Amino acid sequence: MSRPDQADYMLRAAATDVGRLYKRQLVDLLDVREGHTVLDAGCGPGTDLPTLAERVGATGTVVGVDRDPAMLAQARERTRELPRVEIREGDVLDLPVDRGTVDRAKIDRVLMHVDDPAAALAQLHRVTRPGARVGLAEPDWDTLVVDAEDLETSRVFTRYTTAHVVRHATVGRSLARLAERAGFGVEAVLAHTPVFRDVEEADHTLGLGRNMEAAIAAGHVGPERGRRWFASLSQGAFFASFTLVTVVCSR
Ligand SMILES: C[S@@+](CC[C@H](N)C(=O)[O-])C[C@H]1O[C@@H](n2cnc3c(N)ncnc32)[C@H](O)[C@@H]1O
């Protein structure tokens, strides 16, 4: 999703209860061990790198790859005192990692943004060793529900988000199928449901006002109806949620 401060969004999302839970579960299921080489493809501001570094210990290596220099700067800052972490600039569609050198890899909320998710999975297959484990986590934005009396406009908002805001908005549901097609064996499939009860937090993460304005500008909903819908979200109890899918597979 395009947003003014990507890193801030990612850090806030990771700090929520569900954010912490699915990330911890993903790392636990990866079974990262002392001495492993672990890749975080699309590492963003490096949220997960310290945890991975702790698990690989003094003899392992953690490689964080991202294509965004601002993210890389934050990832470097976050891991400044962790000598086993290497940050590399690169694209997940052309990973700057040698063939068959990685024991564990994860890609978390990145595939929805890339040009070709299947090509990114093929890259993960290339860089991992036989027996490696790979963890994938992506939302499915078709499952975004926002409570409002004007249910139809909530549906318009979700449809606009999936069709125009996120490139591969429904990749979450396809992770297991894509992983199999890339040559991995699927070991576990889990789903988490982040719940938003605070409208400002939801607005920040889901772009409620921003994307509704874009939907209005593109003619998907009338200005009066769209803005009335957005204003109504601040009146009374608020609820929004979506599904985040995690898949752990083996090479
Ligand atoms: C939603 S953030 C997730 C960051 C991190 N995985 C996390 O869980 O906190 C998406 C990240 O993917 C990176 N990204 C998107 N497309 C990419 C690509 N083709 N190659 C490398 N990084 C990419 C973005 O720069 C951004 O840092």
Side-chain angles (χ1 to χ4, degrees), residues 1-30 32 38-53 55 62-79 85-97 102 104-127 134-141 144 161 165-172 175 178 182 190 192 194 204-207 211 242-248:
M1 248 181 245
S2 67
R3 55 190 66 256
D5 185 345
Q6 282 268 353
D8 178 51
Y9 151 68
M10 284 171 220
L11 294 170
R12 285 170 72 143
T16 61
D17 286 349
V18 174
R20 280 197 300 272
L21 178 66
Y22 92 85
K23 278 182 171 294
R24 195 177 55 237
Q25 214 171 46
L26 181 61
V27 173
D28 285 350
L29 287 167
L30 276 180
V32 177
V38 181
L39 168 67
D40 190 352
C43 64
T47 322
D48 300 327
L49 299 176
T51 306
L52 296 172
R55 304 227 180 167
V62 177
V63 179
V65 173
D66 206 283
R67 67 175 177 190
D68 181 338
M71 293 294 169
L72 293 166
Q74 289 209 29
R76 285 199 180 94
E77 180 57 27
R78 179 161 282 105
T79 57
V85 178
E86 292 174 28
I87 307 293
R88 299 183 192 164
E89 183 166 354
D91 200 301
V92 300
L93 298 175
D94 185 18
L95 282 168
V97 179
V102 168
R104 301 290 187 258
K106 63 178 269 295
I107 186 160
D108 180 353
R109 292 172 301 138
V110 179
L111 293 176
M112 64 175 159
H113 300 298
V114 305
D115 289 341
D116 184 352
L121 289 171
Q123 281 288 305
L124 290 173
H125 197 268
R126 177 183 67 79
V127 302
V134 177
L136 321 166
E138 298 291 332
D140 191 312
W141 290 111
L144 172 60
T161 301
V165 180
V166 185
R167 186 169 295 168
H168 297 286
T170 60
V171 72
L175 289 178
L178 291 172
L190 300 108
H192 291 280
H204 190 87
T205 302
L206 307 171
N211 293 331
F242 67 90
T243 301
L244 180 82
V245 182
T246 297
V247 167
V248 176

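We count ligands from 1, going down the list as the structure has it; atoms in each ligand are counted the same way. Quick caveat, the model's predicted, so the values are computed rather than measured.
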If I apply the N/O under 3.5 Å rule, does [X] come out as touching ligand 1?
X: D91; result: yes
X: Y22; result: no
X: L93; result: no
X: K23; result: yes

Output yes when a side-chain donor or acceptor of R88 lies under 3.5 Å from a complementary backbone atom of V65, and no otherwise.
no
Answer yes or no: is there a donor N or O on one side and an acceptor on the other, between the side chain of D66 and the main chain of L72, under 3.5 Å?
no
The side-chain contact (heavy atoms from CB on, under 4.5 Å) partner of V247 among L136, L178, L190 is L136
Return the minimal non-hydrogen interatomic distance between A120 and V114, and the atom names on each side.
CB-CG2, 4.5 Å
Could you report the tightest heavy-atom contact between I107 and L124, atom names first, then the distance?
CG2-CD1, 3.7 Å
Out of L49, L72, D66, V65, who is nearest to atom 25 (O) of ligand 1 when you count heavy atoms only?
D66
Looking only at non-hydrogen atoms, the one of G46, G42, A70, G90 nearest atom 6 (N) of ligand 1 is G42
Going by the rule ring-ring contact (aromatic ring centres under 6.0 Å, His included), which residues pair with H192 if we only count those two or more places apart in sequence or in a different chain?
none
Give the contacting part of V92 toward ligand 1: side chain, backbone, both or neither, where contact means a heavy-atom distance below 4.0 Å.
both
Region of M71 that comes within reach of ligand 1 [heavy atoms, distance under 4.0 Å]
side chain
Under the salt bridge (Lys or Arg N to Asp or Glu O under 4.0 Å) criterion, do D28 and R55 qualify, and how do the steps go?
CA-CA 10 Å; D28 285 350; R55 304 227 180 167; 2.9 Å; yes
Stepwise side-chain contact (heavy atoms from CB on, under 4.5 Å) check, R126 with L95
CA-CA 9 Å; R126 177 183 67 79; L95 282 168; 3.9 Å; yes
Under 4.0 Å to a heavy atom of [X] - the qualifying atoms of ligand 1, by number:
X: C43; result: 5 (C)
X: D108; result: 3 (C), 5 (C), 6 (N), 8 (O)
X: G44; result: 4 (C), 27 (O)
X: V114; result: 16 (N), 19 (N)
X: D68; result: 25 (O)

Side chain to side chain donor-acceptor pair (under 3.5 Å) filter on D40, not counting sequence neighbours, yields K106
Of all the heavy atoms in K106, does at least one lie under 4.0 Å from an atom in ligand 1?
no
